[in-house]
Amino acid sequence: MSVSEILDGKLTGKEVEIKGWLVNKRSSGGVQFLIIRDGTGLIQATIHKNEVAPEIFEEAKKLTQESSLTIRGSVVEDKRAPGGYEVRISELKIVHLAPGDYPLAKKEHGIDFLLNHRQLWIRSPRQMAILRIRAEVVKACRDFLDDRGFVLTDAPIFTPSAVEGTTTLFEVPYFGDKAYLTQSGQLYVEATIATFGKTYCFGPTFRAEKSKTPRHLTEFWMVEPEMAFCGFEENLKLQEEMVTYIVKTVLDKRCRELEVLKRDIKPLRKVELPFERISYTEAVEMLQKAGFQIEWGEDLGAPHERYISLQFEKPVFVHRYPAKAKAFYMQPDPENPNVVLCADLMAPEGYGEIIGGSQRIHDLKLLEQRIKEFGLPKEAYEWYLDLRRYGSVPHSGFGLGIERTVMWICKLKHIRETIPFPRTITRVYP
RNA sequence: GCCGCCGUAGCUCAGACCGGUAGAGCGGCUGGCUGUUAACCAGUCGGUCGUCGGUUCAAGUCCGACCGGCGGCGCCA
């Protein structure tokens, strides 16, 4: 029996047993009000002095915030109770009596304090809601891809070299040698598509960049689908279908959590196919008209992304960036070799990039040339070049940042709340 | 890496401009209250003012360095 079933009205009038933690206790002398969390929701439980054995009433008096307990009682509908339902306690057992110095007060805290107590902070209703939505987003990604015949082929965390250069990687000792924490599983799913056709990896990725912004973590999760015999347009189509599916799933299954977050869901309801599309060149013109100092050839910065994102009600693809601003493996546009067949998907409401994707170079000679142009060590990429030697095919893929997606769907001001234990440039504890 | 802001009670902050030995609310604890909604009421405990150095008769307050954190930019998902 769970609190969520009580709140859904399924157990009204029934006897229930709830196992959980004491969120808060109020008393009016003869009546004690216990707010209990069981992992599925919060419920008020009441104890009346003249309705229970004196020792139960006294036991309840001892309860401190976050003590764990088991209660039995009957469920009644009562407008005075938060959530509209409450449990009238007949039996109560303290599982563990916490000391009366729970660090998190019921009032406000600073972010530094909260992050230092993340292990307790995640018990709060708001954090519960965010983490539940995160779990739903992850499940939606996997269901979507699994249902379309993608095979999960996870990429290694320890890697011998960078995907796009070595400066941003965490270096770790590896039995007298050096290894790096992965920055992306993309190169590896480019290999597994020759095994299964359509594959994806899903796992943590690491960036040692000293990015100090509300949208960066040093450790974050990406889902990276890759498709053989797939061109640029087909790739975009999969992306917009997947993002639409994710948003619809969360709206469908996690509306209670969105309510806890006071998330206005009207903008989310507008996420429908097809998404908007503008070229990089059009984006630059749009920005210049709006007064931004930007020249063709420069990559888009955070204020640029924010502006573009705010011009559309739906997610928008910005495609065909200058080749020099993007990664070495991206396929040049046959109609204009100065740009590559890539697209970043900008979430609306000012959130900016949540997906980066592209068609990959499948021609061996061109790829070798690009590795040279980018000053990358060819030896490290020999295995990757093999994929162009033995049965190379046009192929495309993308990476969707889980935390950025959750941040947008929950409309959060900072990405650090989207993951149970965030790792940022200033924080590896707890 | 760059620019800006902040470190005072367990927490959130005031006191700093104008130097004279520290205050509130919340939390904790004790007591009261038979329907509370971050309950309320009364009482009570609680501080080497981030660290080091300097100026001064006197520094939480002025000056310098350092440490820690936050916000924005850059880089990126």
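Side chains are part of it too, since the values below use all heavy atoms of this structure and drop only hydrogens, waters and symmetry mates. Lettering follows sequence order; numbering is per chain, from 1. This one's a predicted model, so the numbers in the text were calculated from it and none came from an experiment.
With 3.5 Å as the limit, one finds no donor-acceptor pair spanning the side chains of A:Y85 and A:D8. A:S2 and A:E5 share a donor-acceptor pair across their side chains, judged by distance under 3.5 Å alone.
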Scan nucleotides 23-31 of chain B nucleotide by nucleotide, 5' to 3', and note B when protein non-hydrogen atoms come under 4.0 Å of the base, S if they reach only the sugar-phosphate, - if neither. ---S-S---

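Checked by distance alone, A:E86 brings a side-chain donor or acceptor within 3.5 Å of a matching partner on the base of B:G35. A donor-acceptor contact under 3.5 Å links the side chain of A:Q44 to the base of B:U36. Counting distance only, with no hydrogens placed and no angle test, the side-chain atoms of A:H109 and the base atoms of B:C11 include no donor-acceptor pair under 3.5 Å.
Pairing each heavy atom of A:L7 with each of A:G83, the nearest pair is CD2-O, 4.1 Å.
Partner of A:T405 under the side-chain contact (heavy atoms from CB on, under 4.5 Å) criterion, chosen from A:V250, A:I354, A:V223, A:T418: A:I354.
Ring geometry for A:F232 against A:H319 counts as perpendicular: the plane angle is over 60°, on a 0 to 90° scale with 30° as the lower cut.
Rounded to whole Å, the P atom of B:U44 lies 12 Å from the corresponding atom of B:G25. Comparing the C1' positions of B:A65 and B:C76 gives an interatomic distance of 34 Å, to the nearest angstrom. The separation of B:A22 from B:U61, taken at their C1' atoms, amounts to 12 Å, rounded to a whole angstrom. The C1' atoms of B:G20 and B:C29 are separated by 35 Å, rounded to the nearest whole Å.
Here the two rings, on A:F328 and A:Y381, have centers that are under 6.0 Å apart.
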So which protein N/O to nucleotides 65-70 of chain B N/O distances come out below 3.5 Å?
from: B:G69; atom 1: OP1; to: A:T426; atom 2: O; distance (Å): 2.9
from: B:G69; atom 1: O3'; to: A:R427; atom 2: NH2; distance (Å): 3.3
from: B:C70; atom 1: OP1; to: A:R427; atom 2: NH2; distance (Å): 3.4
from: B:C70; atom 1: OP2; to: A:T426; atom 2: OG1; distance (Å): 3.0

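The side-chain hydrogen bond (donor to acceptor under 3.5 Å, both in side chains) check on A:T153 picks up A:T192, with sequence neighbours excluded.
By the 6.0 Å and 45° rule, A:R148 stacks over the aromatic ring of A:F144.
Annotation: of the two residues near RNA chain B, A:G29 and A:R26, the 5′-most nearest-nucleotide partner is A:G29.
Here A:F33 does not lie in a stacked arrangement on the base of B:G35, lacking the combination of planes under 30° and ring centres under 5.5 Å apart.
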